[in-house]
Amino acid sequence: MARNREGLVLLIDVGPAMHSVLPDVEKACSLLLQKKLIYNKYDEVGIVVFGTEETGNELAREIGGYEHVTVLRNIRVVDEVVAEHVKQLPRGTVAGDFLDAVIVGMDMLIKMYSGGQKGKKRMCLITNAACPTKDPFEGTKDDQVSTIATKMAAEGIKMESIVMRSNLIGDAHEKVIEENDHLLNLFSSNAIAKTVNVESPLSLLGSLKTRRVAPVTLFRGDLEINPTMKIKVWVYKKVAEERLPTLQLYSDKAPPTDKFAKHEVKIDYDYKVTAESTQVIAPEERVKGFRYGPQVIPISPDEIETLKFKTDKGMKLLGFTEASNILRHYYMKDVNIVVPDPNKEKSVLAVSAIAREMKETNKVAIVRCVWRNGQGNVVVGVLTPNVSEREDTPDSFYFNVLPFAEDVREFPFPSFNKLPASWKPDEQQQAVADNLVKMLDLAPSAKEEVLLPDLTPNPVLQRFYEYLELKSKFTDAALPPMDETFKRIMEQDPELSSNNKSIMDAFRGSFEVKENPKLKKASKRLLRDKPSGSDDEDNRMITYDANENKIDIVGDTNPIQDFEAMISRRDNHDWATKAITQMKNRIVKLVENCTDEGDKALECVLALRKGCVLEQEPKQFNEFLNHLFELCQERKLPHFLKHFTSKKITLIPKSEAPDSDVVDENAGDYFTVKQEPMLES
Amino acid sequence: MELDPDDVFRDEDEDPENDFFQEKEASKEFVVYLIDASPKMFSSTSHSEEEDKQESHFHIAVSCIAQSLKSHIINRSNDEIAICFFNTREKKNLQDLNGVYAFNVPERECIDRPTARLIKEFDLIEESFDKDIGSQTGIVSDSRENSLYSALWVAQALLRKGSSKTADKRMFLFTNEDDPFGNMRISVKEDMTRTTLQRAKDARDLGISIELLPLSQPDKQFNITLFYKDLIGLNSDELIEFMPSVGQKLEDMKDQLKKRVLAKRIAKRITFVICDGLSIELNGYALLRPAIPGSITWLDSTTNLPVKVERSYICTDTGAIMQGPIQRIQPYKNQNVMFTVEELSQVKRISTGHLRLLGFKPLNCLKDYHNLKPSTFLYPSDKEVIGSTRAFIALHRSMIQLQRFAVAFYGGTTPPRLVALVAQEEIESDGGQVEPPGMNMIYLPYANDIRDVEELHSKPGVAAPRPSDDQLKKASALMRRLELKDFSVCQFANPALQRHYAILQAIALDENELRETRDETLPDEEGMNRPAVVKAIEQFKQSIYGDDPDEESDSGAKDKSRKRKAGNADDVKYDYIELAKTGKLKDLTVVELKTYLTANSLPVGGKKEVLINRILTHIGK
């Protein structure tokens with residue numbers, strides 16, 4: 001095995017307690033193998049399951065014991081079938097012993113890679129670690145684990161344990177769990193082993209590092225306190241976006257008979273003085289130009305080379321400052337980590353002393369960095385302490401890039417205090433908001449924190465690889481819907497929201513929002529102008545008079561005018577609603593009083609209709625008209641109905657107000673149909 | 001170089017479709033510089049300390065404007081400016097008024113964007129001024145000539161250009177005469193004062209602001225109360241602060257940081273779903289983005305005309321030009337799995353573009369490594385959804401009060417991301433807003449993006465060395481000594497960018513010398529050399545390294561690697577020069593090419609062709 005390759009053994013608990021999460025385990029493992037097929041196709045993988053009815057491993061055959069541990073696949077180069085294989089894990093019947101599985105896995109790795117083969121050796125244990133482990137033949141479990149771990153460390157085998165603890169069944173003994181956790185911890189302190197506790201399928205998917213990236217240092221050199229005091233450090237990327245693989249372009253131009261067609265696509269760039277001209281300029285005949293006022297100034301590469309800003313590689317300390325001086329949102333890029341040179345013990349000490357003191361006093365360091373010689377620019381950034389909780393891990397710094405003066409755009413924004421009172425929350429609303437912020441809690445305690453970035457997988461990548469697998473089998477496969485597991489990052493946790501239902505309801509109730517009617521009109525008017533054109537009457541009838549906006553009630557004498565004035569008041573959207581309500585009451589009164597003022601009521605209805613069309617409130621009018629129709633029937637007022645028919649007053653259809661539920665053909669239906677079923681929607 | 005420069009330099013999260021919603025704020029400035037050219041401006045002002053350094057007020061004004069223009073052309077190159085002298089012998093202006101000379105260069109309207117030629121010729125104005133323009137007092141009692149009045153009129157006429165709704169209009173008036181009508185008969189003086197003030201008031205009423213930059217004689221301060229306070233419309237409060245601020249104003253004009261100023265625009269309009277049935281409207285602004293030296297236009301090196309780039313996709317099998325969206329393939333399991341462009345975009349489209357609240361966490365859950373790219377600033381808007389601001393402010397206050405941040409899912413980026421919304425209180429200083437009130441949206445990495453580097457450096461079972469109390473104490477002393485006073489983020493100018501602007505200016509204006517740019521990011525050497533600091537560093541060093549400072553010298557890996565490189569260079573397998581002559585370099589492998597490059601300390605990056613070209617150039621020399 002070459003230096004750059006990895007030998008991996010998956011140790012998967014398939015005992016009964018794991019059955020419910022196995023589909024997610026299968027998903028995570030198959031993604032891991034899929035990515036190996038694309039990025040690390042010479043890596044080698046073995047699969048061991050434990051908790052199975054039968055036993056099938058070399059150790060059991062050689063020396064006995066190690067029951068219920070089955071080797072599904074011996075370690076060999078990843079291939080097409082393995083990704084498939086891992087999707088159909090057997091369901092076991094007995095509680096598995098994870099220690100047995102670890103020993104089997106270790107034995108496989110040692111046998112496979114003995115004789116000083118280079119390369120990385122890794123085991124990945126996925127279990128709920130809730131079943132008891134057997135006592136060893138001699139000594140204690142602790143002794144046994146320490147021995148195994150020391151052996152692992154000696155052989156250079158790393159282990160990561162993913163402990164799934166969301167679905168603990170009641171009869172799982174607390175003592176067993178405690179003991180198992182203790183044993184797993186023992187691994188961590190004696191070998192390169194880490195344990196991740198996951199509580200949801202989502203973090204299970206996130207906890208398994210599916211893409212193996214060889215770590216590369218960005219910089220190795222001095223962190224210079226001053227010219228006499230230098231600390232040797234290495235800088236790596238701590239965060240770097242994992243992207244989709246770069247897909248190649250494919251050409252289908254070659255005839256299907258051409259067996260040697262490469263189907264490749266070449267991208268050509270032509271540089272021309274004008275679009276029409278056929279004269280093509282060679283790339284080296286071009287020169288970079290930069291805007292200077294209205295002109296473009298050419299600057300030759302030579303000029304750039306001789307005049308440009310020159311840098312010397314190195315990290316220089318500028319000084320220390322209060323951590324509170326650096327607001328979090330000033331971090332400009334993905335994050336680097338500055339680790340002391342592992343071969344220089346004194347540097348490890350120096351970094352540790354500064355990092356610990358920084359953490360203690362809440363200080364950060366400002367540094368100026370040039371990662372490579374001749375780099376076109378310097379970077380100014382902030383070092384924050386990364387004090388390790390593990391004894392065997394040296395302390396380090398995180399490095400974040402800070403902006404330069406030119407990078408800041410100083411746009412002013414109104415102070416919240418200066419906003420009108422109607423835009424600010426009152427005390428009651430504030431209390432409701434406080435409650436929401438307190439109770440919609442994603443981290444009730446450090447252990448229970450959910451949606452940790454470190455355990456949340458990228459849904460798009462997950463989806464792409466799933467689709468890739470599917471397409472590799474069925475070329476025309478449709479894109480499957482989003483995996484349910486990812487609902488947890490795209491939507492509020494239903495459990496959390498239902499636990500806090502009253503708080504959410506209170507919040508909804510206290511903070512009413514509505515669409516701005518003014519804007520609505522501007523956009524809707526365009527819509528309305530298109531179909532009609534004969535609606536001139538509408539526009540003529542309601543004339544908005546800005547000066548006459550004092551009217552706040554629809555009176556007896558001039559109800560129509562009052563209504564029109566009120567609905568056109570633009571100081572508050574409430575006026576339109578008020579006007580409509582009052583107009584409705586007025587009409588009902590006119591109808592109920594049942595004098596011969598039928599005409600006046602009719603006019604009011606017409607005015608209301610036009611107002612509702614203009615305000616785009618079709619539902620208000622349609623419901624009212626139906627209500628009115630019923631009222632007339634109840635009160636036996638047929639002459640009104642006749643009037644309505646003769647004047648052709650109809651419901652507001654879609655063509656007049658897009659929000660309406662009424663199609664044009666049915667606009668007159670309220671005479672004939674007693675109940676409007678569509679209004680219930 | 002194969003990239004479209006516009007694509008490269010666009011803000012990553014800027015949405016071009018949203019140009020429509022650009023805020024209607026003054027996005028442009030129209031400026032007229034009015035310079036008094038009366039003989040009085042030319043009398044040298046003697047500095048009592050330095051007798052030999054004598055500068056006339058005219059020189060001060062002109063060089064101040066020249067400096068200002070050089071910043072202006074980079075910072076706000078769309079602004080339009082005009083330069084007018086008054087009290088001149090010659091006249092040149094549209095109104096044909098005496099004593100006013102509007103300075104201009106060919107290919108440019110009188111008020112227009114500044115050009116390199118304008119700046120270049122204006123730099124030399126003092127040499128030719130006497131010949132071409134000439135100085136002459138233009139306020140003459142008998143003929144009722146009033147050059148100040150005329151100057152205001154000309155300036156106002158120039159500023160008629162552009163709508164006052166979309167542009168700021170300003171006049172800068174440079175003079176050292178605090179009482180322009182002082183020598184007149186009283187009646188004439190009153191009349192002239194009245195008409196001039198009226199002219200100024202008319203201009204102000206049209207939305208033009210007049211800024212006065214008075215120049216004081218060493219022995220006699222400019223008396224603003226005599227005349228000019230009325231001309232620029234100062235009230236008595238402002239009056240006291242006015243004169244002391246003048247010096248600073250002049251300095252500011254001269255010494256502006258070269259920094260492209262962008263109009264305030266909404267980068268994103270965001271619907272924030274707080275819970276089912278309640279969504280509010282937010283605007284996202286890109287307040288922090290790496291500044292770049294402006295877009296690159298490729299030019300034909302012989303004609304200096306802009307070059308158009310045409311990209312074509314060519315099928316390597318048939319040589320046919322590919323049209324329309326091209327399918328993509330991913331080799332997988334011994335076959336090529338095919339995707340259409342549409343399918344790929346569907347894979348990425350997993351959500352609506354909304355911002356969905358998921359919950360809240362204490363601020364200490366947001367780690368220093370939870371960062372990917374610059375944050376986006378969020379500010380509420382009631383433009384479309386009334387009530388947005390109120391709900392936003394309530395959450396904002398609660399989050400500050402309870403020291404929590406919101407975790408949300410944001411679908412507006414590719415890929416969609418978990419984000420942290422960190423409430424930021426408004427911070428003001430000296431009357432200016434340092435931090436606007438709102439929330440900063442910080443893009444969080446996924447588990448896929450985070451690397452476990454620490455593990456790599458762990459030695460299982462071997463405790464990492466930890467500092468002793470004494471070492472910690474020395475570190476603490478060191479940190480106290482090296483405390484940066486008044487540090488603020490973004491206090492440093494980007495030295496490479498400033499150098500770029502200096503190069504651009506030197507080439508554009510045919511300057512002989514490159515303006516020195518200072519690298520502010522270098523450590524403060526003087527401060528570092530203070531005895532107390534040196535001592536603190538020395539003590540920390542002593543506590544860590546002990547008496548043997550050589551322990552950490554470069555004895556290890558580094559030397560070895562150097563040797564290896566040197567060895568490679570000696571071990572020349574090929575006669576590169578011979579190969580280059582015969583054009584056989586291309587037969588070598590990239591590794592072999594790199595051997596040559598390394599041996600000659602040349603960069604080793606790039607494709608094979610680039611490497612070959614680099615070697616050829618090197619041999620050519």
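In what follows, chains carry the letters A, B, and so on, assigned in the order in which the sequence lines appear, proteins first and then strands, with residues in each chain numbered from 1.
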Original post:
Is it the case that Lys471(A) places NZ or CZ above or below the six-membered ring of Phe339(B), under 6.0 angstrom from the centre and within 45 degrees of the axis?
Top reply: yes
Subject >> CG on Leu436(A) to CD1 on Ile274(B), rounded to 0.5 Å >> reply: 8.0 Å
**OP:** For the residue pair His396(B) and Phe416(A), categorise the inter-ring angle as parallel (less than 30°), tilted (30 to 60°) or perpendicular (more than 60°).
**Re:** perpendicular
Original post:
Does any heavy atom of chain B fall under 4.5 Å from the side chain of Val408(A), the backbone, both, or neither of them?
Top reply: both
Original post:
Any idea which of Tyr313(B), Tyr332(B), Phe492(B), Phe377(B) has the most non-hydrogen atom pairs under 4.5 angstrom with chain A?
Top reply: Tyr332(B)
**OP:** With a 4.5 angstrom heavy-atom cut-off, could you sort out which part of Val213(A) is near chain B: side chain, backbone, both or neither?
**Re:** side chain
Original post:
With no hydrogens and no angle check, is any side-chain donor or acceptor of Arg463(A) less than 3.5 Å from a backbone partner on Lys348(B)?
Top reply: no
Subject >> Portion of Ser388(A) that has a non-hydrogen atom of chain B nearer than 4.5 angstrom >> reply: both
Original post:
Phe413(A) and Tyr379(B): aromatic ring centres closer than 6.0 Å?
Top reply: yes
Original post:
Can you say whether Val239(A) sits under 4.5 Å from chain B via the side chain, the backbone, both, or neither, judging by heavy atoms?
Top reply: both
Subject >> Leu419(A) portion near chain B, given a 4.5 angstrom heavy-atom threshold >> reply: side chain
Subject >> Contacting region of Glu512(A) [heavy-atom separation from chain B under 4.5 Å] >> reply: backbone
Original post:
Where does Ile337(A) contact chain B at under 4.5 Å (heavy atoms): side chain, backbone, both or neither?
Top reply: side chain
Subject >> N-O pairing of Asp270(A) and Lys308(B) below 4.0 Å >> reply: no
Subject >> Ionic contact status for Glu241(A) with Lys373(B), cut-off 4.0 Å >> reply: no
**OP:** Specify which of Ala291(B), Ser77(B), Ser279(B) makes the most heavy-atom pairs with chain A at under 4.5 Å.
**Re:** Ala291(B)
Subject >> Between NZ on residue Lys514(A) and OG on residue Ser388(B), distance to nearest 0.5 Å >> reply: 12.0 Å
Original post:
In terms of heavy-atom pairs under 4.5 Å with chain A, which of Ile450(B), Val385(B), Val407(B) leads?
Top reply: Ile450(B)
Original post:
Looking only at atom types and distance, does a side-chain atom of Asp449(B) sit under 3.5 Å from a main-chain N or O of Glu242(A), one as donor and one as acceptor?
Top reply: yes
Original post:
Would you call Arg390(A) and Glu454(B) a salt bridge, taking side-chain N to carboxylate O under 4.0 Å as the test?
Top reply: no
Subject >> Contacting region of Asp493(A) [heavy-atom separation from chain B under 4.5 Å] >> reply: neither
Original post:
Which bit of Met482(A) is near chain B, if near means a heavy-atom gap under 4.5 Å: side chain, backbone, both or neither?
Top reply: side chain
Subject >> Best-contacting candidate, Glu343(B), Met528(B), Gln505(B), Gln491(B), against chain A by heavy atom pairs under 4.5 angstrom >> reply: Glu343(B)
Subject >> Test of ring centre spacing under 6.0 Å for Tyr398(A) and His370(B) >> reply: no
Original post:
Which bit of Leu456(B) is near chain A, if near means a heavy-atom gap under 4.5 Å: side chain, backbone, both or neither?
Top reply: side chain
Original post:
For Gln401(B), what residues pass the side chain to side chain contact (heavy atoms under 4.5 Å, CB included) criterion, not counting sequence neighbours?
Top reply: none
Original post:
When rounded to the nearest 0.5 angstrom, what is the spacing between CG in Leu37(A) and CD in Gln330(B)?
Top reply: 10.5 Å
**OP:** Enter the distance from Lys541(B):NZ to Lys346(A):NZ here, rounded to the nearest 0.5 Å.
**Re:** 12.0 Å
**OP:** Name the region of Val378(A), side chain, backbone, both or neither, that has any atom closer than 4.5 Å to a heavy atom of chain B.
**Re:** side chain
Original post:
Between Leu402(B) and chain A, which part of the residue has a heavy atom less than 4.5 Å away: side chain, backbone, both or neither?
Top reply: side chain
Original post:
Is chain B contacted by the side chain of Ile38(A), its backbone, both, or neither, given a heavy-atom distance below 4.5 Å?
Top reply: side chain
Original post:
So does Lys361(B) have more than 12 non-hydrogen atoms from other groups sitting under 6.0 Å from NZ?
Top reply: yes
Original post:
Yes or no on ring-ring contact (aromatic ring centres under 6.0 Å, His included) for His500(B) and Phe290(A), after CA distance, side-chain angles and deciding distance?
Top reply: CA-CA 10 Å; His500(B) 170 82; Phe290(A) 294 90; 4.5 Å; yes
Original post:
In chain order, what residues pass the side chain to side chain contact (heavy atoms under 4.5 Å, CB included) check against Val296(A), with sequence neighbours excluded?
Top reply: Arg291(A), Thr297(B), Leu299(B)
**OP:** Please lay out, stage by stage, how Tyr331(A) and Tyr369(B) fare under the test ring-ring contact (aromatic ring centres under 6.0 Å, His included).
**Re:** CA-CA 10 Å; Tyr331(A) 292 2; Tyr369(B) 63 92; over 10 Å; no
Original post:
Distance from Ile225(A) atom CD1 to Leu478(B) atom CG, nearest 0.5 Å?
Top reply: 6.0 Å
Original post:
With chain A, which of Gly387(B), Pro465(B), Gly438(B), Ser488(B) has the greatest number of heavy-atom pairs at distances under 4.5 Å?
Top reply: Pro465(B)
Original post:
Tell me, side chain or backbone of Lys194(A) under 4.5 Å from chain B's heavy atoms, or both, or neither?
Top reply: side chain
Subject >> Segment of Gln430(A) engaging chain B (4.5 angstrom heavy-atom cut-off) >> reply: both
Original post:
Heavy-atom distance under 4.5 Å to chain A: side chain of Ile280(B), backbone, both or neither?
Top reply: side chain
Original post:
If you count heavy-atom pairs under 4.5 Å between each of Asn371(B), Ile537(B), Val337(B) and chain A, which one has the most?
Top reply: Asn371(B)
Original post:
Any ion pair linking Glu391(A) and Arg466(B) (charged N to carboxylate O, less than 4.0 Å)?
Top reply: no
Subject >> From CA spacing to verdict: side-chain hydrogen bond (donor to acceptor under 3.5 Å, both in side chains), Gln327(B), His263(A) >> reply: CA-CA 11 Å; Gln327(B) 291 207 319; His263(A) 297 290; over 6 Å; no
Original post:
Which atoms of Asp395(A) come close to chain B, meaning under 4.5 Å heavy atom to heavy atom: side chain ones, backbone ones, both, or neither?
Top reply: both
Original post:
Checking side-chain hydrogen bond (donor to acceptor under 3.5 Å, both in side chains) for the pair Asp268(A)/Ser312(B): CA distance, chi angles, key distance, verdict?
Top reply: CA-CA 5 Å; Asp268(A) 249 30; Ser312(B) 47; 5.0 Å; no
Subject >> Residues Asn377(A), Asn494(B); criterion side-chain hydrogen bond (donor to acceptor under 3.5 Å, both in side chains); working and verdict >> reply: CA-CA 8 Å; Asn377(A) 201 358; Asn494(B) 180 344; 3.0 Å; yes
Subject >> Worked verdict on Ser415(A) versus Glu426(B) for side-chain hydrogen bond (donor to acceptor under 3.5 Å, both in side chains) >> reply: CA-CA 7 Å; Ser415(A) 178; Glu426(B) 183 175 24; 2.6 Å; yes
Original post:
Between Trp423(A) and Arg390(B), is there a cation-pi geometry (under 6.0 Å to ring centre, at most 45° from the normal)?
Top reply: no
Original post:
Using 4.0 Å as the upper bound for N to carboxylate O, is an ion pair formed by Arg356(B) and Glu491(A)?
Top reply: no
